[in-house]
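Written out below as structure tokens is the structure these notes cover.
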4 protein chains.
Amino acid sequence: MDYATKKLAEEKVFKDPVHRYIHVRDQVIWDLIGTREFQRLRRIKQLGTTYLVFHGAEHSRFSHSLGVYEIVRRMVDDIFIDMPEWDESERLVVLCAALLHDLGHGPFSHSFEHVFDLDHEEFTRAIILGDTEVNHVLTRVSPEFPQKVSDVIAKTYENKQVVSMISSQIDADRMDYLQRDAYFTGVSYGHFDMERILRVMRPKEEQVVIKSSGMHAVEDYIMSRYQMYWQVYFHPVSRSAEVILTKILHRAKDLSQGNYQFKQDPTHFMAFFQNNIELEDYIALDENILLTYFQMWMQESDPILSDLSRRFINRKLFKYIEFDPANEYEKLSDLKELFYQAGIDPKYYLVHDSISDLPYDFYRPGEEEERVPIQLLMPNGKTRELSRCSEIVEAISGKRRSDHKLYFPEEVLLQDGTQKTLKKQILKVLRG
Amino acid sequence: MDYATKKLAEEKVFKDPVHRYIHVRDQVIWDLIGTREFQRLRRIKQLGTTYLVFHGAEHSRFSHSLGVYEIVRRMVDDIFIDMPEWDESERLVVLCAALLHDLGHGPFSHSFEHVFDLDHEEFTRAIILGDTEVNHVLTRVSPEFPQKVSDVIAKTYENKQVVSMISSQIDADRMDYLQRDAYFTGVSYGHFDMERILRVMRPKEEQVVIKSSGMHAVEDYIMSRYQMYWQVYFHPVSRSAEVILTKILHRAKDLSQGNYQFKQDPTHFMAFFQNNIELEDYIALDENILLTYFQMWMQESDPILSDLSRRFINRKLFKYIEFDPANEYEKLSDLKELFYQAGIDPKYYLVHDSISDLPYDFYRPGEEEERVPIQLLMPNGKTRELSRCSEIVEAISGKRRSDHKLYFPEEVLLQDGTQKTLKKQILKVLRG
Amino acid sequence: MDYATKKLAEEKVFKDPVHRYIHVRDQVIWDLIGTREFQRLRRIKQLGTTYLVFHGAEHSRFSHSLGVYEIVRRMVDDIFIDMPEWDESERLVVLCAALLHDLGHGPFSHSFEHVFDLDHEEFTRAIILGDTEVNHVLTRVSPEFPQKVSDVIAKTYENKQVVSMISSQIDADRMDYLQRDAYFTGVSYGHFDMERILRVMRPKEEQVVIKSSGMHAVEDYIMSRYQMYWQVYFHPVSRSAEVILTKILHRAKDLSQGNYQFKQDPTHFMAFFQNNIELEDYIALDENILLTYFQMWMQESDPILSDLSRRFINRKLFKYIEFDPANEYEKLSDLKELFYQAGIDPKYYLVHDSISDLPYDFYRPGEEEERVPIQLLMPNGKTRELSRCSEIVEAISGKRRSDHKLYFPEEVLLQDGTQKTLKKQILKVLRG
Amino acid sequence: MDYATKKLAEEKVFKDPVHRYIHVRDQVIWDLIGTREFQRLRRIKQLGTTYLVFHGAEHSRFSHSLGVYEIVRRMVDDIFIDMPEWDESERLVVLCAALLHDLGHGPFSHSFEHVFDLDHEEFTRAIILGDTEVNHVLTRVSPEFPQKVSDVIAKTYENKQVVSMISSQIDADRMDYLQRDAYFTGVSYGHFDMERILRVMRPKEEQVVIKSSGMHAVEDYIMSRYQMYWQVYFHPVSRSAEVILTKILHRAKDLSQGNYQFKQDPTHFMAFFQNNIELEDYIALDENILLTYFQMWMQESDPILSDLSRRFINRKLFKYIEFDPANEYEKLSDLKELFYQAGIDPKYYLVHDSISDLPYDFYRPGEEEERVPIQLLMPNGKTRELSRCSEIVEAISGKRRSDHKLYFPEEVLLQDGTQKTLKKQILKVLRG
């Protein structure tokens with residue numbers, strides 16, 4: 001039988017707390033799950049440093065990837081099947097793209113990419129197209145199949161309907177992570193009626209649209225997303241941990257480039273410090289290894305590297321104050337000066353961190369990040385953009401919300417000993 | 001104010017998916033949670049290798065420890081308070097013991113202890129009584145306080161009622177892990193009405209007893225426990241991963257003792273290989289470090305160490321068959337012989353693994369492991385042992401159930417190439 | 001198009017708290033739901049008097065009937081479809097039988113049948129086969145179709161596999177009511193993994209069997225059933241309400257047959273009092289009507305009828321003591337005598353109520369109520385009876401458990417006034 | 001002991017699916033629950049006709065009333081206790097007001113009040129202050145206690161803080177019904193983190209305010225409310241049932257006032273038809289009685305009364321179209337004319353139904369219905385109105401949303417037979 005259509009003798013199931021069961025019937029999917037590159041996702045947490053605030057958030061990208069696959073599987077096998085506007089020949093490519101869409105994430109992805117100027121999406125493509133177990137499985141389907149899967153994930157695939165299933169303002173990726181992250185953190189946000197949304201999804205030319213009778217379920221989903229961003233993903237304490245993590249990596253890189261002699265060679269990092277990264281170096285990394293290094297670096301003689309590492313491992317995080325970059329620029333440079341004088345390097349110990357989110361937007365041609373809006377399918381067969389139908393969505397549509405904070409080691413400033421006056425002055429400035 | 005009774009200015013809460021919120025009011029508890037030894041529990045999974053079968057089971061002993069604390073907190077602050085048989089002066093010691101009861105667990109505890117002949121309970125005591133941050137916090141309460149906490153955990157504390165709250169056949173430890181492990185794995189077992197059980201718990205002389213009106217909730221709890229053991233904790237595939245993990249550690253130890261030259265020094269393991277373990281060596285270890293070594297060992301020249309490490313990291317597990325040690329002893333020695341002949345070392349590649357569980361037992365004096373039975377408090381004020389009241393519990397009471405399996409690398413035996421005939425013969429014997 | 005296979009233009013869904021959604025695609029099913037006989041089930045509570053103890057249990061047989069239909073629909077459309085041992089031509093008959101299996105239940109079914117010597121199963125058949133809207137829908141499928149549906153419900157249908165789907169020790173009926181009743185009462189029993197059980201169900205010659213890999217889910221289901229019986233269905237306080245209800249109906253019947261002049265003619269009851277019941281009389285009854293009469297009867301001059309009615313409506317229930325019919329027969333007749341002397345008619349005010357349940361049984365040929373045991377399908381393709389595989393099920397298999405109580409109006413006996421000494425004596429006997 | 005502070009020997013609990021358990025410790029509360037007026041609430045559905053769309057919504061006002069009591073109990077006993085701005089002497093009055101706040105609701109309250117020009121709030125006060133069992137219990141606390149309870153419910157109580165606990169834009173009443181109605185209907189809206197909201201509630205002079213750290217939980221609550229209104233409470237099909245119900249009552253009243261001879265005297269309704277209502281007449285009514293009459297009226301000779309009654313009982317509802325009263329006034333009068341000509345009385349068969357909701361509003365002095373806005377308690381101790389802090393709430397604040405529909409018996413218009421042309425014309429006008 002053809003490998004692309006080969007079914008397992010008996011369906012395999014994974015017990016999943018979010019979707020109850022994840023069902024695998026296709027040999028290709030089963031083989032992909034068994035590859036080392038996919039198994040590696042077990043060693044990368046879904047929410048990075050969030051577990052230091054929400055202790056339940058210890059789940060990995062492995063379970064999320066299975067979840068996205070399962071949602072797409074339900075779309076194609078339970079909902080779209082037999083619908084005239086759905087092209088059944090796209091089934092396998094979208095299932096594979098769903099499963100593999102996060103394959104290139106590195107350890108503590110966001111910070112890591114930032115420090116070493118990397119892009120996880122590039123690595124996702126590199127793993128799919130390079131000499132990997134994943135690539136070998138995909139190539140068995142057909143020689144051009146890896147490129148197709150990669151294109152779907154990169155959003156360059158010709159069939160935009162297929163792209164929209166995993167990358168749009170209401171896609172399988174978001175629907176899984178909102179529910180999954182809510183489940184593992186235990187927050188009560190993140191609930192919405194996914195079963196209803198799936199049932200009203202309709203494949204339409206360039207994208208999957210939503211029957212207007214499901215509008216309220218979509219509103220609920222948009223609100224869930226909004227709440228999850230501000231309550232969980234942007235939690236100021238997990239940002240503190242991320243700030244420290246970023247600074248550890250910066251410091252180690254700076255030291256290495258300054259020819260500092262590490263007690264134990266940072267073998268796994270050398271390619272990154274030297275900016276000479278092979279795919280294999282990247283795949284070999286994971287969060288266990290980072291944390292193992294951080295533990296070793298607690299013993300390093302460089303006081304900044306050892307202090308920051310200790311802070312991360314033992315969770316001695318920075319405190320923060322609100323910061324208004326538009327009006328407090330001077331305050332920041334004053335503070336930097338004072339930190340220098342007090343012997344506390346502001347490059348590592350006074351960090352301006354900013355985040356922002358746009359909860360939903362309609363199409364604004366020419367914008368940097370063009371977003372495909374959610375389209376409702378009206379009873380008359382025409383589509384209408386969501387924010388034109390929903391008051392609630394209209395209200396938040398296109399409104400970017402940002403937050404700025406300054407992070408710093410408060411307990412150092414409170415310590416008695418050297419520089420007491422200077423520290424008091426710093427605290428006074430910080431507390432406004 | 002006295003440190004033992006010092007309250008936080010504002011109650012702190014942790015969001016917890018099992019108990020909704022975990023409430024901390026006591027300064028002592030807050031300080032204990034902040035110690036490096038307690039934070040280390042974030043790096044030890046609650047269920048060891050189970051996540052390789054139930055992908056949701058990535059939660060750590062940190063969250064379980066908070067959970068046990070919270071259950072005991074509810075007992076003492078919501079239920080026992082003002083009851084005449086409850087000694088309020090035991091409040092803090094039992095809260096601390098609940099929080100710290102798993103402090104000495106090592107990475108993949110069960111296998112690790114087995115290979116290096118260690119006992120995590122000893123390490124729990126060592127951390128509480130040694131020169132650690134935890135000890136410093138406890139000592140601030142009073143000089144003898146660490147010893148008291150340690151005694152409760154060791155079950156040698158004089159007040160057996162207090163001991164029974166965290167170590168008995170229905171204790172806060174079990175009530176937390178059953179629910180927590182069910183939640184994270186997503187299985188539907190593990191549900192029972194804990195709120196009801198807490199409400200009918202009554203402190204009585206030597207133990208906490210249960211009002212007879214709550215008997216059915218207790219039955220449900222016993223059944224949950226039974227199902228969790230056989231469906232989750234003893235899952236044959238996670239036992240396969242544990243078998244491999246044990247054999248990796250064995251092989252590394254054997255190699256080290258045989259003066260094998262590792263490519264990278266196994267620094268973190270040296271104390272363990274040389275059986276010369278300081279407390280600090282033990283605390284420094286965690287699962288990140290073990291998994292980092294396993295990844296490095298995939299590159300070792302020793303074929304057994306590298307093969308087993310690769311199996312664990314990439315989840316290429318052993319298959320298994322049922323085994324009856326009473327009647328198939330000869331079969332096992334035949335198989336060992338055949339494995340030798342085929343060049344597959346049976347010491348590492350043919351593993352007899354057995355587990356057993358006793359779901360509930362009444363008191364059997366003189367038994368190796370004397371169990372305190374669950375006592376029901378009857379309306380007349382007398383107590384009666386659970387299995388004398390409950391038909392269901394009586395039915396399973398004292399019935400030990402065991403399971404034996406042989407684990408082996410099936411795909412090696414199915415490979416073409418050398419020793420084809422011998423491998424076929426082995427498979428024939430294995431498949432009976 | 002053929003009526004039997006006619007599909008709705010668009011699938012209809014009912015929001016259901018237990019199964020999330022109930023899906024209707026078949027025109028026949030849709031038409032049956034719309035009949036007056038099926039809508040009548042909204043006016044009959046699923047759990048009779050239980051709502052007087054578990055206030056959430058106000059749900060009707062209507063929702064249960066939809067639930068049983070939905071479970072069977074999943075069996076046939078999601079699981080059995082394409083399985084060689086499943087006869088697709090049975091699909092519609094089993095769906096209709098599932099939906100209609102409780103159609104003949106009267107108001108407070110159990111008590112009502114008891115007093116008027118009726119059998120709801122007979123009325124189910126009568127409604128299906130008589131001149132009713134339900135019958136007209138079924139007849140449109142084919143003239144013999146009503147009889148087939150009736151036979152499945154009566155368990156006389158030739159294809160026993162089909163019968164077992166709604167009437168066996170693990171059928172859609174039980175799986176729905178256990179979950180539904182647990183949901184509405186709010187008890188934590190009643191959870192089991194139905195999705196798993198459905199997935200391992202296999203049609204086999206004479207019955208649906210369960211793949212042995214699902215044994216633990218079945219054990220859990222059996223335990224749920226056990227707990228629901230003893231914790232909910234047999235709750236002593238709801239039995240008290242049922243005792244009173246039975247006695248109201250008895251009294252009204254006795255009065256009517258004794259030519260008592262009711263203030264308001266008991267029109268709806270006349271056929272029942274005179275034992276001359278037409279199908280239409282039966283269908284016209286529901287719980288609203290019964291409760292309306294009870295309210296009217298509170299104003300009747302007969303003191304017993306008005307007292308009992310008031311007790312039911314205002315929930316002034318009887319108290320109870322345990323009773324051992326084997327050894328306390330004499331006590332009961334003594335009590336009756338004392339009640340007579342005290343002027344409290346023991347026929348209505350001293351009620352011996354007994355219940356019993358057999359949680360599971362294997363096949364015992366010749367027994368009054370032959371039960372089809374649950375068969376597990378072993379990997380070798382043979383079946384094995386459940387209790388031979390499961391220790392837990394074996395332990396409770398065939399063990400009938402009974403409970404006897406005496407119900408009486410305690411507050412009357414505690415009242416001062418007439419017969420004070422006699423009442424004291426009665427209380428003394430009652431309290432043993 | 002004083003009756004006001006008398007505690008039950010042992011706490012009583014009710015199993016509740018929404019709050020797990022409802023706890024009763026006070027003798028007064030226990031006695032109130034046992035009164036006939038409170039037990040009557042079991043016979044009034046919480047959501048009127050909604051069960052005809054969401055079949056799970058069969059729950060009564062009894063369970064909701066217990067739920068509101070339980071929420072207030074948690075506020076006062078778990079949160080406010082020991083807070084300086086909370087006046088402990090208000091505890092009992094607010095608990096009683098919470099329990100009794102819906103006491104005066106009649107059967108299918110909204111329609112019933114509309115037809116007979118009644119106000120359930122007036123009846124609540126009448127029951128509390130009249131010669132009732134409830135009044136007798138309350139009077140035992142103190143002679144002026146009934147008036148105090150009544151004042152809290154009527155919002156005229158002097159202590160506005162107490163009033164706001166059960167009547168404000170975030171009160172125990174709403175928090176219970178949103179969750180409860182979501183639970184019983186099974187919709188996924190209605191979830192919010194009540195435990196969090198309770199924990200951040202702070203008694204403040206004139207009202208209970210919310211600590212600003214809980215703002216997001218409040219946003220979630222406001223959104224839940226919004227969704228429940230539009231998805232559940234205003235569901236167009238349950239409005240259809242309500243339209244019919246209203247018209248049944250209208251018709252019966254009109255007939256009675258026109259001296260129509262009912263086959264069976266409408267005893268229970270006479271006081272209402274004659275607009276001469278005693279408290280006892282009102283209390284004697286419930287939904288069982290209404291539905292019993294509707295069944296009897298199916299047999300009446302008046303074709304409109306019998307048709308409408310049959311429609312309600314057998315759920316043959318009206319269909320609907322959208323209607324724009326501002327621009328389609330003429331269309332409506334044309335339709336009325338056509339209905340007359342076709343012999344279908346538009347008074348009963350062409351119904352304009354409108355609903356509207358204001359999801360949240362800040363204080364607008366002088367408005368007809370002055371609303372107390374939700375105040376957030378900022379870290380600096382000042383309060384700030386919610387919509388000034390929350391973008392989402394601001395977006396919907398003060399925006400009243402309305403909906404208008406025309407209801408009519410579509411199947412009559414589709415019937416062949418008389419007036420075929422006229423009916424066709426009507427359908428054409430209706431369908432625009």
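Just so we're clear, the structure is a prediction, and the values are computed from it rather than from any experiment. Throughout, protein chains are lettered first and strands after them, A, B, ... in sequence-line order, and every chain is numbered starting at 1.
- The neighbour count for B:Q39 CD, taken as heavy atoms of other residues, nucleotides or ligands under 6.0 Å away, is above 12.
- In this structure, CE in D:M194 is found 7.5 Å from CZ in B:R20, a value given to the nearest 0.5 Å.
- Using a 4.5 Å cut-off between heavy atoms, D:R199 contacts chain B through its side chain alone, with no backbone atom that close.
- Salt-bridge check for D:K15 with B:E195: failed, with every basic side-chain N at 4.0 Å or more from each acidic carboxylate O.
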